[in-house]
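One structure is given below, encoded as structure tokens.
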Amino acid sequence: MRYAILGDIHGNLAAFQTVLRDIDIRGGFDKIWCLGDVVGYGPDPHECIELLRQYEHLCVAGNHDWAAIGNIDTLDFNPDAAQACRWTGQRLAEEDIDYLQSLSLILCEEDFTLVHGSPREPLWEYILSIEAAQDSFAYFGTAFCLVGHSHAPLVFECIDDVIVYKEFADGADLQLGENRLIINPGGVGQPRDGDPRASYAVYDTGTRVVYHRRVEYDIEATQKRMEEQGLPPRLILRLGYGW
Ligand code: ZN
């Protein structure tokens, strides 16, 4: 069984389609594990939900998914994100709203927990530090936890109760073993680690390897769509820089 691990698609259809094609030519996948924020920021929220739902998948809710349907307010969002969020809400079809409303905050499959932010605070907490990772290990019962939200690929390993940060570089093959891990595959639709290429991972249950890949997509196509929709210039620019 092969799981495509996709986080933070953020309404970026060009990036999402490119990632799916890239996985296809590298052996394909059976099911998608989606780590939330399917919508928000990007120009094609409805199309991204529609595409995701064509596949067998599990998806947890992200803060942007909930904000777009009014489950949480946008007071904690910066003005650009809040504007994009309001725009997104207006673009969603009835079935999109029902779909986003149906998403759980935490799901488990195989020996993985799936959550958007952290298992302690599923919608809002960023796991970017050893300290945040240390606290998080107590909040999930499976061996491994997949998170998104920061849009930065990284791995935290718990070795005899000591947390070690490991780089999750493009092309890395992470062999699962005895130690518990928190893994972030990076962002599909709005990478923020200085590399503008779409970021994803695939888990192969046969080899017990999680591999990480970056793939170039047509950033200008997404930027053009955003311009046409009148989305904030800063959100359009940042895609080109990967921040
Ligand atoms: Zn996000």
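Counting convention: from 1, in listed order, for ligands and their atoms alike. Given the structure is predicted, the values throughout are model-derived calculations rather than measurements.
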Restricting to under 2.8 Å, identify the protein N, O or S atoms around the Zn ion (ligand 1) as residue plus atom.
Asp8 OD1, His10 NE2, Asp37 OD2, His151 NE2

Test of understanding: with ring-ring contact (aromatic ring centres under 6.0 Å, His included), list the residues that count as partners of His46, not counting sequence neighbours.
none

Hey, can you tell me if Tyr211 and Tyr200 have their rings parallel, tilted or perpendicular (30° and 60° cut-offs)?
perpendicular

Run the salt bridge (Lys or Arg N to Asp or Glu O under 4.0 Å) test on Glu220 and Lys224 for me, step by step, so that the C-alpha distance in whole Å, both residues' side-chain angles and the decisive distance to 0.1 Å come before the verdict.
CA-CA 6 Å; Glu220 285 176 15; Lys224 188 159 173 287; over 6 Å; no

Listed pairs under 3.5 Å, donor-acceptor, residues 201-208 side chains, sequence neighbours left out:
from	atom 1	to	atom 2	distance (Å)
Tyr203	OH	Arg208	NH1	3.0
Asp204	OD1	Gly206	N	2.8
Asp204	OD1	Thr207	N	3.4
Asp204	OD2	Arg2	NH1	3.3
Thr205	OG1	Met1	N	3.0
Thr205	OG1	Met1	O	3.1
Thr207	OG1	Val209	N	3.4

Tell me, with the steps shown, if Arg120 and Asp135 meet salt bridge (Lys or Arg N to Asp or Glu O under 4.0 Å).
CA-CA 8 Å; Arg120 175 168 61 179; Asp135 294 343; 3.4 Å; yes

Counting only pairs under 3.5 Å, give me each side-chain donor-acceptor contact of residues 229-243, with atom names and distances, residues two or more places apart or in other chains.
from	atom 1	to	atom 2	distance (Å)
Arg234	NH1	Asp80	OD2	3.3
Arg238	NE	Trp243	O	2.6
Arg238	NH2	Trp243	O	3.2

